[in-house]
Amino acid sequence: MVEPILQISNLVKNFGALRATDGVTLDLRPGEIHALIGPNGAGKSTLIHQICGTLRQDSGSIRFAGQDVGGLSVAERARLGLGRTFQVSSIAPEFSALRNVMLAAQAKEGSSFRFFNPVMRDQGLIDKAMAMLERVGLTERARIPAAELSHGERRQLEIAMALALRSKAFLLDEPMAGMGPEGSKALTRFLDTLRQEAPILLVEHDMDAVFALADRISVLVYGRVIATGTVDEIRRDPTVRSAYLGDHD
Amino acid sequence: MLLQVENIATFYGSSQALFGVDFAMQEGEAVALMGRNGMGKSTTIKSICNLMPPHSGRIVFGGKPTDRQPPHKVARLGIGLVPEGRRCFPNLTVHENLVAAARPGQWTLERVNDLFPRLKERHAQMARSLSGGEQQMLAIGRALMTNPRLLILDEATEGLAPVIRQDIWSAIRRLKDEGLSILVVDKTLSELLPVADRCVILENGKSAWSGKPADLTTELQDRYLGV
Amino acid sequence: DPVKIGMITTLSGGGAGLGIDTRDGFMLAIKNAGNKDITVVTEDDAQKPELAVQIADKMIQSDKVDILTGIVWSNLLMAVAPSAVAQGKFYVSTNAAPAQLAGANCHKLYFNAAYQNDNLHEAMGEYANKGFKKMFILAPNYPAGKDSLTGFKRYYKGELAAEVYTQVGQTDYAAEIAQMRASGADGIFVFLPGGMGIAFMKQFAQSGVKIPVMGPGFSFSQDVLPAIGDAALGAKASGQWAPDFDNEASKKFLADFQKEYNRLPSIYAVQAYDAAQLILAAASKASVSDADAFAAELKKAEIQSPRGNFKFNTNQHPIQDIYLTEVIKKDGVLTNKTVEKIFTDHGDAYAKDCKL
Amino acid sequence: MILTRENLINLILAVALLAIPLIANAAGQPFYITLATRVAILALAATGLNLALGVGGLVSFGHAAFFGIGGYVAGILASHSFSGEPVLFGLSGTNQMWIIWLVAMALAGFVGLAIGAISLRTSGVYFIMITLAFAQMVYYFAVSWPAYGGEDGLSILVRNQFPGVMTMVPMNFFLICYVILLVGIALFAVIRASRFGAALQAARQNEVRVATVGIQPYRIRLTGFVLSAMITGLAGALFADLNRFVSPSMLSWHMSGELIVLIILGGTGRLFGPLAGAALYVAFEYALGGITERWQFFLGLILLLVVLFARGGLVGLLAGKAKHG
Amino acid sequence: MTIALALEQLLNGIQLGVMLFLMAAGLTLIFGVMGLINLAHGSLYMVGAFACAAVAAWTGSFWIGLVASLVAAAAAGAIVELAVIRRLYDRDHLDQVLATFALILMFSEGTRWLFGSFPLYLDIPPLLQGAVALPGGTEYPVYRLAIIAAGALVAFGLYMLISRTRLGMRIRAGESDREMIGALGVDIRTLYTVVFALGAALAGFAGAMVGAIQSVQVGMGEPVLILAFVVIVIGGIGSIKGALLGALLVGVTDTMGRFLLPKLMVLFVPPAQAGAIGGAVASMLIYIVMAIILAVKPRGLFPPAHA
Ligand SMILES: Nc1ncnc2c1ncn2[C@@H]1O[C@H](COP(=O)(O)OP(=O)(O)OP(=O)(O)O)[C@@H](O)[C@H]1O
Ligand SMILES: Nc1ncnc2c1ncn2[C@@H]1O[C@H](COP(=O)(O)OP(=O)(O)OP(=O)(O)O)[C@@H](O)[C@H]1O
Ligand SMILES: [Mg+2]
Ligand SMILES: [Mg+2]
């Protein structure tokens, strides 16, 4: 079996009396899309937060790329190659789409302490960023301030930023949310190719996309993984149906 | 007519987002507002609520023009908004979110709690720490508590789990059956269309098509919605 | 010969009262003299040293004044005066009198028509020797405050119950008053100018502590007395002047001032009045363009000061009498009454260091 | 460089600041040179703050501390040079401006590092207040520390020297300040446009986002804060030399507030905002002060009108909204 | 040093704390709840003190003056809100700083225009004059006890208003999203005017109460402003409880510092300098305490659960 790139074991996070993640064990293997689904409030975003470091776990361990990252800061984990998007889009609103992506590209180069060369004349950086924008289909919107992008466009922008980081794994928290049918389809196609670049931990409520993309699915309910399996296994699982899917088919 | 949107044009600063949106709604009707990303659905809704007052054109709600009215007056005419991105008050508890702007009427705390039992469980929690889906329920509950004549839902089920989504749709259907008028934006056509009495499609900030869901052919869907 | 005087003083903000009295006293003397050759330009320093410097530069460079005057506060004076005299301009101080400029750093063109900062405190130290065995002394923690207590101790021979420094601008004195009560002192000396003094006296009166309070004149000067109210009654202070002075110059000054401005003058007005008189006297004898001659005339100028005897010491600071005053109520108005003379022809401790 | 409207305005401002003293000099009105020098120095101080505040969004209400530290470095070194007594550990004072500048920048930077390291743990209004708290500590220390004059301040008897220049001649000293200001502004422009500048701006807009692309916002901000402190400290040293005097009032919260006001007045984050703001403020202060004793009232009124009706400050009013590329 | 003195000083510290709270209360309301940095708070405090002094001098009654201070400050607050503040809510904090800084200049100079440059007389009412005996033999001014009572009352009232009423919820909702609360049909504009006027009235009330034992003069509001900010930041912005506890902490620290530090210094330096050095450290003490607290707890001692 291939060594997983991301390995989470027994992760626990409490908010006061509420146990938001309750001993989650999960892994992400090279080349796969691992979908994480579950009812609202199950703890999916909380889990993503812990993996990328915006929340600190109460106990349990997170290994990434052969290293224990549980104690590292957000920035350090990002530099190791954890790329993520947020459930509610998070961008630098005054910057254009292009500069947002350039920021990620410069971070990837680890060169934020250069004080002299103007970034906007740095053709290398611009080209890299434009390439990413092109991949998500935002070329035409490159020079628009991110604040003026529509909801869907911001999601695309976030993905472009994760791409520019050349991440070793992607953590995508509901990337389809707010995208129209057309956008969802395009994004689905795009994620399908993205898995060659790096594996994806995909949190998503859009079941069409999940079923089309996922190699494996884990179902999180009340902070616990109640089932892990292939699309078919999960679709057939009665507990999953009642807890999450309803009569979706 | 409950709501008439007459050829409105709306600007964000100097950039124009709406170029002539035009449609009307009857009392008790459920209208689906559709269109691709960035076509102006949310802007139309903001214009109706006078959050982004239209530059030209006219909006009449319940027989009263809404121009030059501050948003709170427009809201009191009977519009309840569930905005894009939810916008719950993060520093208020669930309970406080619900009652802060409540106006008397048939919708009470009990009824909202019946509709979304999850909110009852979380009633003392700060809204900022709710999960996305919980926030969506809260936003709907909050709008209902103002006892509107017209409920506007922008991205009604965004980010909701399938089971909950079904709950929300059935709730919307129930609200409609009770006679509430509903203007709704949602991207899941398969769930949206059965609820809607009529569809209005926007393209590039203009009304492009309007008609019954049954008349929305796959060809039209492909052309306007990219399905 | 024409003489142009630049007056920089505080006309806005919390300290404006002192500046306004300074300006009014000064202008009263100028007006009385009716000398067409004298012009005065006035500007507000807002009690900010940087602004005072800017105004001084402007007055020297643009208005081409010959003499600067009017600054109330030591820190502003230190910002302006040394550089003004270095540029060959006269500075005649109407109030501020830091020790530095009285001693080793005295200057031919720098005159002080008011006093030396320590004087009034020294007088209270001398007064306290009679009848007070254990004094509690208190001042704000800044140079003028430290000079004050140093001056007091220079003459006071008794025991000190405590020597307390408070924060500049402090408004609540409950903690200090409690210490006073507990200290076993039989007298209290405070130097708290402006609002600090008002707050202290009000709170002291409330506290039920019955120890006699004394201080330098400006603690109970006419600009603050109405605000303190009856709480000040009976307080002893030292001063070079009080409104009840029984000499012709004082009576005339008092009458003129009240006629002109419809209020009682404070000591700041008197000092400025005298500064103007000194300048006028020198201007009538010498041309200001001849600095040496003018300085010499200033130094030996004879004026009718409301204070009575007045002459300059070797360091060009006053030699004058200092009196004990007491706050009383006269015709419903709080004012100072002269009680006795403490010092006769009193100079200052720094004159010996001045090489003029 | 492309001649945008903003660049044109900047050019006019820079030329005007140079022209006014030249004209005044020719017309025998040397005071305006002093006034222009004051504008240049305050603009430099505000440019420093602008780096933290305008670019990095770090609303420091304590920059007077750096300004005053710069001032005291100039004052203390000069006074020791005058008296011949060593400052510390046998190091002697100096009256050479460029040494003073270096020391002022180093000390301001060092104190900035200490203050920043603690303050940057907080954010928002807490940051405003903690920077204020540190500045107040320095202020009260200076007021009550007797060695260098305490509240009374410290005079610099002869303006410090610069090789080959007669600094006592107002025009010469102005030119020194003017050149330093231009260098400061240029440095600001370069930093802002650099990769570091991009990270600093992004950290203002969205801290979490910056962290999730792998940049430590704390380090970026701390660096920005220290650079900002150094520039403001340098301005303080010049200011002391202009006034030939330094006192705790340079350290007071009013001073911090005034620096902020200059920036907003000129246009927050704008390259020439501090210069525009300083020129406007000093001009108002000077002109109104000559007209009426109530000048502070009218100064307030004018400031108020600027905030209400000239969004983006003077530069914003003239040049339109800032572009971020 | 006796135990009785130490206890008295502790009481003084608590009293100073309550006084600080009284001064900070209006600021907490406006700043913590509306999210507006109001540097002109000190000016409203001054307006209250001047109104009280002027009216008390005219009518001979402190109590009428006290009412006048509330009315004058509330009116000033309402006017300021309608004319200026209202336009600034959706701007960033910096514009608010500049605008309210401008207001300070105008208020100070305007007050001087109206009332002249000399401090005004304001004394405490006969009812509250004098001192009461405390156990342990010392006496304590009645008026200071009255201030403690007033502070406690204000704290309680504000707490109830903010956390228990719908008005409070709406204000807090408006703080996080003004547009949204308006879209739900709440007239947030008027509400904010009312709240601002209320905050101003509290400032005016504090000005009158505290002015009676301090100096009523132009510029009296500025030191208060800084202290009030320190207090609410230490306590945690937006929390009434935090403001009260922060104020008590500052009051006690400051009083005890002024009292004990000089005594402590005697152990290290000659007595003549001990007073001065001790005093210097004492004047920095609250800022030192504040810096330490924020360094350890970056959001104050009691960050409100909802901020
Ligand atoms: N900071 C917090 N304090 C208290 N409770 C929290 C906090 N953050 C999250 N929670 C709670 O933890 C639970 C898990 O939240 P989380 O956001 O991880 O859910 P989720 O699975 O992402 O849901 P959704 O699909 O709706 O986004 C929720 O019940 C939420 O209310
Ligand atoms: N705040 C804003 N400033 C400037 N332009 C904006 C702003 N918000 C939206 N726009 C622009 O207005 C147009 C319409 O946007 P709107 O948000 O109404 O679209 P939408 O149909 O709701 O899209 P989505 O499905 O992505 O939510 C878009 O081109 C968008 O870029
Ligand atoms: Mg989530
Ligand atoms: Mg939308």
Side-chain angles (χ1 to χ4, degrees), chain C residues 10-21 47 138 140-141 145-146 149-150 153 160 162-179 181-183 194-200 202-203 205-209 222-231 263 266 334, chain E residues 1-2 4-5 8-9 11-13 15-16 19-20 53 108-109 112 116-124 129-133 138-144 210 212-220 222-224 251 254-259 262 271-272 274-280 282-283:
Chain C
T10 303
L11 301 173
S12 65
L18 313 192
I20 285 173
D21 254 18
Q47 210 174 332
L138 173 135
N141 197 6
K146 284 178 200 143
L149 298 194
T150 311
K153 289 187 286 181
L160 284 183
E163 177 177 353
V164 171
Y165 291 97
T166 59
Q167 186 179 336
V168 179
Q170 186 170 318
T171 50
D172 190 74
Y173 292 91
E176 288 74 14
I177 292 170
Q179 279 174 266
R181 187 202 323 264
S183 69
M196 294 186 271
I198 299 174
F200 173 80
K202 281 188 185 176
Q203 292 166 22
Q206 281 307 307
S207 67
V209 180
Q222 208 56 49
D223 56 308
V224 292
L225 272 186
I228 303 176
D230 291 351
R263 63 170 196 270
S266 69
L334 289 168
Chain E
M1 185 177 86
T2 62
L5 178 59
E8 186 183 356
Q9 295 293 32
L11 187 59
N12 280 330
Q15 187 277 137
L16 177 61
M19 198 148 91
L20 288 174
S108 292
E109 209 44 52
R112 223 164 57 77
S117 302
F118 296 95
L120 294 195
Y121 172 74
L122 175 62
D123 202 3
I124 58 184
Q129 251 155 14
V132 289
T138 56
E139 291 187 359
Y140 208 74
V142 178
Y143 192 71
R144 290 185 180 257
V210 179
I213 54 167
Q214 293 184 358
S215 167
V216 179
Q217 62 179 16
V218 173
M220 64 188 285
E222 290 176 22
V224 171
D254 187 55
T255 304
M256 287 320 221
R258 270 149 57 196
F259 169 52
I277 297 178
S283 58

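Note that these values count all heavy atoms, side chains included, but never hydrogens, waters or copies made by symmetry. Residue numbering restarts at 1 for every chain, and letters A, B, ... go by the order of the sequence lines.
- For chain C, the nearby parts of E:Ile213 are the backbone and the side chain; heavy atoms of each come within less than 4.5 Å.
- For E:Pro119, the parts sitting under 4.5 Å from any heavy atom of chain C are the backbone and the side chain alike.
- Your options are C:Ala182, C:Gly208, C:Pro226, and the one with the most heavy-atom pairs under 4.5 Å with chain E is C:Pro226.
- Only the side chain of E:Gln15 has a heavy atom closer than 4.5 Å to any heavy atom of chain C.
- The contact between C:Ser12 and chain E is made by backbone and side chain atoms together, counting heavy-atom distances below 4.5 Å.
- For a residue to count as touching a neighbouring chain, one of its non-hydrogen atoms must lie under 4.5 Å from one of that chain's; by this rule E:Ala212 touches chain C with the backbone only.
- The contact between E:Glu8 and chain C is made entirely by side chain atoms (from C-beta outward), counting heavy-atom distances below 4.5 Å.
- Annotation: side chain of E:Phe118 is in contact with side chain of C:Arg263 (closest heavy-atom distance under 4.5 Å).
- For a residue to count as touching a neighbouring chain, one of its non-hydrogen atoms must lie under 4.5 Å from one of that chain's; by this rule C:Phe200 does not touch chain E.
- By the 4.5 Å heavy-atom criterion applied to side chains, C:Asp172 and E:Arg144 are counted as neighbours.
- Of all the heavy atoms in C:Ala199 and E:Gln214, the pair that sits closest is CB-CA, 3.8 Å.
- In this structure, chain C has no heavy atom under 4.5 Å from any part of E:Leu11.
- Expressed to the nearest 0.5 Å, how far CD1 of E:Ile124 lies from CD of C:Gln203 amounts to 10.0 Å.
- Here the closest non-hydrogen pair linking C:Ala16 and E:Arg112 is CB-NH1, 3.6 Å.
- Within the 3.5 Å criterion, the main-chain N or O of E:Leu5 finds no donor-acceptor partner in the side chain of C:Arg181.
- With a 4.5 angstrom heavy-atom cutoff, C:Leu160 does not touch chain E via any of its atoms.
- One distance of note links OG1 of C:Thr171 with CE of E:Met19; it measures 6.0 Å at 0.5 Å rounding.
- Across E:Gln9 and C:Ala174, no two heavy atoms sit closer than the pair OE1-O, 4.4 Å.
- Panel note: side chain C:Lys202, backbone E:Leu122; a donor-acceptor pair is recorded below 3.5 Å.
- Residues C:Gln179 and E:Arg258 have side chains not in contact (no heavy-atom distance under 4.5 Å, counting atoms from C-beta outward).
- From C:Glu176, atom CD reaches atom CG of E:Asn12 across 9.0 Å, with rounding to the nearest 0.5 Å.
- Note that OH of E:Tyr121 and CD1 of C:Ile198 are 12.0 Å apart. Values are rounded to the nearest 0.5 Å.
- Highest contact tally toward chain C, considering only E:Gly219, E:Gly130, E:Pro141, is held by E:Pro141 [criterion: heavy-atom pairs under 4.5 Å].
- Closest heavy-atom contact between E:Ala131 and C:Gln206: CB-O, 4.1 Å.
- Neither the backbone nor the side chain of E:Met256 comes within less than 4.5 Å of any heavy atom of chain C.
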